[in-house]
Every structure is written in structure tokens, then in C-alpha cells.
Amino acid sequence: MRSVRQTARDVQSGETSALSVLEESLAQIRARNDELNVFLYVDEDGARAAASAVDERIARGEDVGALAGVPVALKDNLCQTNIPTTCSSKILEGWRPPYNATVVDRLLLAGAVPVGKTNLDEFAMGSSTENSAFGPTRNPLDTTRVPGGSSGGSAASVAADMTPLALGSDTGGSIRQPAALCGLIGVKPTYGLVSRYGLIAFASSLDQIGPLTKTVTDAAMALEAIAGHDPLDSTSLPEPSPSLVTHVEDGVAGKRIGVVRELIDGADEEVVAAVERAVAALKDAGATIVELSVPEFRLGLSAYYLIAPAEASSNLARFDGVRYGLRVDAGDVTAMMEATRTAGFGEEVKRRIMLGTYALSAGYYDAYYGQALKVRTLTIEAFGRAYQEADLLIGATTPSVAFEFGSKTADPMAMYLSDVFTIPSNLSGEPAISVPFGTGEAGLPIGVQLLGPGRSEAQLFAGARVLEIADGRP
Amino acid sequence: MPSLRREDVAHVAKLARLTMSEAELDMFTEQLGQVLDHASDMNALDLEGVVATAHPFGLINVVREDVRRPCLDHDVVIAMAPDAEDGRFAVPRILGEAP
Amino acid sequence: MTLPDGWEMVVGLEVHTELKTNTKMFCGCANAFGAAPNTNVCPICLGLPGSLPVLNVRAVELAMAIGTALHSTISPSTFHRKNYFYPDMPKDFQISQYDLPINAGGHLDLPDGSRVSIERAHLEEDTGKSTHLGGSGRIHGADRSLVDYNRSGVPLVEIVSGPDIRSSAQARTYAAELRGILIATGASDGRMEEGSMRIDANVSVRRSGEPFGTRCEIKNLNSLRSLVRAIDFEAARQVELLEGGGTVRQETRHWDENDGSTSTMRVKEEADDYRYFREPDLVDLVPDQAWQDRVRDGLQPMPAERRATLSQRLDSPTQSVLDALEVVIDLGIDEFVIAALDAGVDADLAFARAANEIAGDLDNVANLSIGSYVATLKMEQSAELSATQAKAVLVEILANGGEPVSIAKGKGYERLASGALGDVVAQLIEENPDEWTRYREGDEKLAQFFIGQVMKLTKGQANGKDVIAELQSRR
């Protein structure tokens, strides 16, 4: 499969057509989707129309955009006009949004070709895509294992060579963890860098949209295309999209890399070993290594599993059977809302809604939600202190390689614990990237995570590129 | 912190407009209890004086001008409705006044 | 109405006003009354999945204007979510302000000299509107309800007074004065009947000297008259209850205008737990001093100041002038009166024509220039126009525009040249010798006969005073 960069180059130059690139993508989807359950909806007609439009504009000599002809998979919590958008939930089955998410508009502006909507854990709540109401997605590298979650479908689309680019969303690790489990680059940008308008909200203060790709340059190109201020999102940063691709080859000479023990302790041995090798590679490339301890990161899991469900309990209240989506009839409106929500939401979603409702409820707010917000401030301050001693931080992305289906579903806490290394960045709003680095058990990929201060994506890509080269993917 | 009681979970389910079977109530009470117990590391801290952070990068005063933007086509809006009448969304009887 | 001896009512008012902005609070849909259902909606005010709010700067400025006028402290504020399920709420939470409102504290001084404290005046979004089918149109007994979201997202300011009001009359005065302020700031059109201004009353009673009693909230007050009646009814109800050994239950009650009574709204099974938390989709509002100053500098004078300005121009005003003054302040038409006074028009006339003729067609006040108002009154004062004619001219200008001199000409109101009048009178004297003889001999009543005849002949153009002068000169 062509990379994003190669596709854009070849389509813009006329070497190939957007339509033929698309047909290859659709063929690969047809070949493997039944087995892997990556796409919940494939928009063949829409994609062909978009691809043809790109080809026509190129024929007229126009500059189509940085992602000319690139097939893109969209996580099914991103609104796309008149395309079924379900969040992998029965409660939205059949709903078609009347508008595009801002990121979708920007992809189209850049000449990309959206091909369909990918599977996720229901409402982005999960770390394995086993919580989807429409069946799990299988890891293309080993179909007995999960692709990770919640952006499992997006990760699988790229890993299975269906599309070179997919967009996911990351609230507690939901881009980075599936990227790690599927051997991909996955980026959670600075909070506010990418507009959330049209992303069906899970936890508003934590959610960010980001790319999953096979190469660092591809991820940088995609992020450049979708980033930048959006007047429709009050939390979006004021500046326009930053220049990222030009910095990919900057290297790390003279940079201080902080090795954070709390982002490594608790990971499987093979993962720890991969991180150590990654550290060595950065050192070889001219970085200085600093050992750091940030104990506040250990509190992150508790804070996250109160803040995220609390916001989610409120964000998901609108699914009440009145205006769109599923309705289960009853004699009065309250009974109708209860029947609809009970039938429409899966178990994990209910669990988090109730946890969140409890954390906000009278008498418990201070102890749970209020306290968690304070821990969040501690996390932000702790990162601030760490970034006085280091330019970037490094750790594991996730404690283990891809695990088998059903191995963590008996006990919710077990699943929640897989987010322990990714959560701190969501709490602080700072960016992080997962980079494949070596393999572990049964040849499955291991992901290593680089973290940076707010707005440091350029340095993150530079660091990731060094690791990519060291891992044998120049 | 007091441990989570079954009545608390039942109450919270009602607040969230979810109906639970007895078995589900038991299961959720146990599971939510575990998550809250795990949070005891956080509860134990004295964070007096620590202030919640609003936007992580200090954005303030984000406003828009009082200018019209296109709205949605009525037909598109009402087509989404599970039940509609006279251009309005129809719901079964409402039992109480709004708070 | 007075309560039984020793009892006192304690009232606080919560006033919600829709703000006069072009667009809604968080989206660019029109803020307009009367559109067909669900035609003024977009993903944001429908709360569609993925939508996000962006704050309307004009709503903020109007809220600041209200706060300034109420002597509040304009403070850094945040928005909170008030979470509850109801079909007219698209998100099943309302974006409002909780412990950090934009305006904190303040007071409102009433014309009678009393002062009512203001606790807060904050911003929030309005809900959709439901109509209930089957039954009486009220919720109870309805089979189903229909929801229109045109109103959803309209910007509101909620003004909460302290529990300082001690009578229904004072409540009425407070509400009227507050409405005048809301209109004067440009924030609201104050139309209770249309629902752009809504009042809820919190009423409790106590024996003098004792702590506050349990209060009830009264809703569905659609006019100042209902406000007074409902407060009186509720206070009396509570006193009767307590004197009978009962207790007042804290609840929300619905005012029934036809029945003249309050009744319990359906009691909910669980207490309202709104689970307020900071709205993560909005950022903090921190109006700096420069912005606050701009708002303050842009404010028009408030009713109290205008009342003082006008009163100072009056020398021993009659009650009718004082009554007219209230009307003029209430309607915001002071400039007309001030200009007329400045031009030497009598106070009685200046106020009366404003409080009656302009007030009679206020919707069209834009058709009447201040210059035209003053000119018309001066013509009346100098007897060029009779009272009837002057009123007719004003009514005409309001209805169809124009200016007084040409309208008077068009209606044939021109004062007769004295020469022409003299000819008419001379003619009538010749034609009515008997009447003329009796008048000459002192029968003053016949002056009316001649005036009547002159009016007939001149089609009302003559001025009565002129006719008398003419008759006397020929006696």
C-alpha cells in the first residue's frame, strides 16, 4: 500500500489517479473486512465521487491539496454528512448527521478521500474495541487478539493496508494504545490543536482527534491538514495549523530526553526492554538522557476514571429517544427515556455513566470529581517541573503487546489499568506519540511513547523519526 | 470514604434514566465499588489550596460576533425524529413540570 | 391586601429575561419570535451529537450592562452545566452559571425610597417549548406533547433578588422598575405577555421578629397583575395553614389566573440533583476593566435618573402630570417631553400628549420625530390648532409619518385669517339679527350659538377664542 506521502505525490503528479488508488483500497476492504470487522460502513459511492472530483481538478491543473487522493478511514464517532454515524452503539443505529465534523471538511479541502466509518468501543469507552455493539474488530497482525481501543477499527484499517491514513480519537489513550498494538504511529495532539467540532463527545476536556499511520511523515502530513484554530470550537487554540512536516528530519541532537520510571514500571519485561533500546537509540542520535520520577502520574488513573465518566455521563444524556436515534416507546416520556437508554447503551457505557453520575452527585462531588480535578492540576504542575529538566519524555505506551479476546473483559479494572501510561497526557492536555519499536511475544509489535510540552508536536515528530529509523524503517 | 451501597447505585441509575435488574445492580455495585476503592489513593491526599484548572493553556474570553449563520433545513431536522407531528417532535406524556 | 396582625410576608423575585440579540447564545441561529416550529435550529441549539457552543459577545455585553445598572460587581465567571432530563432540553443539560456568575451582588432602589438587594444576575440558555395535546393544554391530563426547539438556545439573563420584599405592591414596583432598567439597557423588550420577561416569586411568611419561614416558589406569572394577586394569595394561604397548626411544605406551585389560586405542581419522586460542574466546552469569561468601562460609558440613563431629571423641570406638578411622568418613563419617551419643555411648552401639555397620544401608538414611535412633536405642541399652545386637532395630527404622524404643518393643511386645520373670520361673523350677524340683538344685550350664551354657526360655515377651521374676540369687537 502506498504511504500517504507517496499517494499524494503520485496523484498530484498524475502518475496515478485518485480513483485507482481508491479502487485498491476498496478491494482490500472487500478482501478482509468480513474477517476483521474494521468498517461499519463503507461509502463507495461517496468515495468514488470524491476521488473523481480530485482527478478532475488535477486534470484542470489545480493544486488539490497536501493529501491529494489519499483514502482515509474515519472513526465512527466523527460526524460526516448523511453517512451513518453510530459510535458503535445501538442508540445511534441508523442516524445520519446533517453536517461534517470540521476535521472531515479539512480532509476534503486537502484532497483526501473518506472511504468509510470504522469500528470503535461504544462511545469510545474501552481499550480493546470489544465494547462495540456491532462486534469486535480483529487485530490484522493476529486475528485472535484485539487491535486495542477505542480506535481499534481505525488502527486495523491502516494495519490491514486498507487505507494509509485513519483518524481516531484519544481520551485516555485511544489512539496511542491501538497504534502500539497494531504497529502504527499514533498521535494525540495538544488539547485544542485539532477542532472537536463534530466529534461525538466522550469526555470534553480530554478528547482529541489524531491520525494513525504507518510512517512518521504520514502522521505529520495528516496532522498539519486537520490542525489549526476553529471558530466553532471554543477550546481550540487560537493559532493556525503549525508547520510539522518540515521538522520531521530535525533529529534530537542536544535534546534532553527524560526517562520517566512511572511511565515504565509495571510494563511487561519485553516492553521495558524496548523502551530501554529506544532510549539508547535516542542517545546514539545525540540526545542527553535524564532519569526522572514523576510520582503524580500514578494518581492519573484514579483521577481519569472519575473525570472522564463524569463528563461522559453529561455528554451522553442527550441520547434520550426524543430527537434522533433509537426510541423505545413507553407510556410516559420518562419511562420512554429509561427504556431507550437501557436498550440502547451497552454495559461499559452504562457502567461509566453511573460512575460519572455518582462522582458528580450531591454529597460526593467534593470527594470524587472535585478531588480529581485537583489531581489534574497536580499532574499539570508535575509535567511542568519535568519539562524544566527535559525537552521530551519517554516511556511505554501500553503495558503489554496485543492481548487475546476476552482476556481482560471479566474485570473492568483490569482493562482500565492498560491506560496507565497514556492517561497523564490527556489529563495535562499535552501531546504524545506512540512509535512502533521492536516486537515482543509472538512477533507482536511494541509501542514506545514520546511525550512533549504543549504545542511541541514538531519535536515529537523529530524524536519519533529518529526511533523509526533506528527501528529499521527509513 | 464510605463504601458504595446498593441504594446509591439504584439512585444513580434513576438519575441517569437507566433501569437495572437486581443482578445488574449487584454487579455494578461491586464494579463501581472497585473503581472507587482504587481512587482511595487520591482521596487520601490533602489537596486544600489546590485549584482546579480550567483550560490547560489558559484560554479565556472566546466569543463570537452576534451574526447570523445558516441554520438547518426543517425537513432534514424533522426527518431525524422518531416521532413527529405538525413539524414538532412528539413525545409521550410528560408527567412533571420542568424544574 | 394585609395579612393578619403580627404576620409578615417575605418575598424574593427571580426574573428571567430574553436578551435582544440577533442570534442565540451559542450559535448563529436567529433570536426571533414567531417562526414556524423547528425552522430556527442548527446542530448546536439542537444539541446534535458532536456540536459545541460558542458564546455570543453581544449577550455578554448586555449582561454586563444589566449588572452595571444594578450596581453589581462584574466578576470573572465560568459556565456550568445544570444536568436534568426534560424533553424541551436538547442536551438534557442547560448551560448556565453557578457559583461564579458574571454579576454578583447589587441593588435596586425603588421610587418609594426602599432598596431591594440583588444577589446575582447571570447568563444562561433558554429551553425549547412544549405544547401538550389532549386534556386542557396543561401538562396534567395530556396524552402527548410536541416540542419546538426554536427557542432553545435563546440567551437569557436571570436576575435574583434578595428576600427583601415585604408586600405585593412592593413586588410590583420592583418588577416594573427592573423592567424599565432592562429596557433602558437595551437588553430586553420587557414583554411579559410574550414571555420575553418571566417572573417567579419565592414567598414565605413569618411572625414579626422570627426567622424566615419555609418558602414556596410560584411559577406561571404572566403579568404584573398576576404577580400581585399570586403573592397575596400565597401569603394568605401560608398564614392560614400555619395558624391552623400545619406546616408549609417547600415546593413549587403553579398560579392559576382563572381560579385565582396557587396549587402544587406534581411532586417529583426524587429531589433535584443537578450535578453542577464546570462546562468543559467553554472557557472562562474575564471582562477586563477596559471592557467594563466601555459598557458603562455606553449606557443610557436609567429610569431613576430620568425620573429625577424630569421631576426637576416641574414646579408643583399636578397629579395628572405625575401620573403621566410615570408612563413617559416606563415607555422611554422622555426625550419628547424634555424637548417640548425646552421649547417652552407647558408641562401639562408636554406630558399629556406623550402619555396619551404617543403611548397610544408606541409601536410606531419611530415615525414621529422630536421636532414634529414639539412643533405640533407649539401650534396647540399658540391656538393655531385646537386640542382635538393637535391630537389628530400626532395620531396621523404616528400611523403614516409626515410632519405637522403639511398634515394640518391637508386636514384643513389652517387657522382662518382674521379678515376672513371677520367676513364670516359679519355675514352671520346679518343673517341672525335676533340672536345678535340678544347677545349685544348681554346674553353670553349666544356666543356659543355664533361659534357653532361659524364652525359649520368654516368646517371647524375657526378657533373658538378668535370668534369670541371677533364678536366682542363688534358689540
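Chain naming here is simple, since letters A, B, ... match the order of the sequence lines and numbering starts at 1 in each.
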- Below 4.5 Å from any heavy atom of chain B, which atoms of T78(C) appear? Answer side chain, backbone, both or neither. neither

- Query: Crowded around Y98(C) OH? As in, over 12 foreign heavy atoms under 6.0 Å?
  - Reply: no

- Which answer fits K82(C), side chain, backbone, both or neither, if we ask what part of it has an atom under 4.5 Å from a heavy atom of chain B? neither

- Item | Which atoms of L133(C) approach chain B - backbone, side chain, both or neither, heavy atom under 4.5 Å | side chain

- Task: Determine whether V283(C) and N61(B) make a side-chain contact, defined as any pair of heavy atoms from C-beta on separated by less than 4.5 Å.
- Result: no

- Item | Distance, nearest 0.5 Å, that separates CZ of R275(C) from CG of L15(B) | 4.5 Å

- Value rounded to 0.5 Å, distance of CG in L72(B) from CG in N40(C): 11.0 Å

- Between P87(C), C29(C), C27(C), the one whose heavy-atom pairs under 4.5 Å with chain B are most numerous: C27(C)

- Item | Region of P37(C) that comes under 4.5 Å of a non-hydrogen atom in chain B | both

- Item | Residue among V77(B), V62(B), I94(B), D73(B) with most heavy-atom pairs under 4.5 Å to chain C | I94(B)

- Query: Which bit of P280(C) is near chain B, if near means a heavy-atom gap under 4.5 Å: side chain, backbone, both or neither?
  - Reply: neither

- Indicate yes or no: at least one non-hydrogen side-chain atom of E85(B) is less than 4.5 angstrom from one of L146(C). yes

- Query: Taking every heavy-atom pair that is under 4.5 Å apart, which of R278(C), E217(C), H132(C) has the most such pairs with chain B?
  - Reply: R278(C)

- Using a strict 4.0 Å threshold on nitrogen-to-oxygen distance, state whether E65(B) and R58(C) make a salt bridge. no

- Query: Would the number of heavy atoms belonging to other residues, nucleotides or ligands and lying under 6.0 Å from CD of E7(B) be above 12?
  - Reply: yes

- Query: Just how far is it from atom CG of N38(C) to atom CZ of F89(B), taken to the nearest 0.5 Å?
  - Reply: 5.0 Å

- Task: Evaluate the side-chain proximity of C71(B) to T39(C): yes if any heavy-atom separation is below 4.5 Å, no if none is.
- Result: no

- Message: Looking at E257(C), I want to see if its CD is surrounded by more than 12 non-hydrogen atoms of other residues, nucleotides or ligands under 6.0 Å.
- Response: yes

- Query: Can any side-chain N or O of N22(C) pair as donor or acceptor with the backbone N or O of V67(B) at less than 3.5 Å?
  - Reply: no

- Query: Do other residues, nucleotides or ligands put more than 12 heavy atoms under 6.0 Å from the CZ atom of R6(B)?
  - Reply: yes

- Measure the spacing between CG of L59(B) and CG of L282(C) and express it to the nearest 0.5 Å. 11.5 Å

- Message: Do R64(B) and T23(C) pair up side chain to side chain, a donor and an acceptor below 3.5 Å, judged on atom types alone?
- Response: yes

- Query: What distance do S130(C) atom OG and R88(B) atom CZ have between them, rounded to the nearest 0.5 Å?
  - Reply: 10.0 Å

- Note on the structure: In this structure, CG of D66(B) is separated from CE of M25(C) (nearest 0.5 Å) by 11.5 Å

- Part of Y274(C) lying under 4.5 Å from any heavy atom of chain B: side chain

- Note on the structure: If one checks every heavy atom of A16(B) against chain C at 4.5 Å, the contacting part turns out to be backbone

- Query: Is it true that D83(B) and R144(C) have a side-chain N and a carboxylate O under 4.0 angstrom from each other?
  - Reply: yes

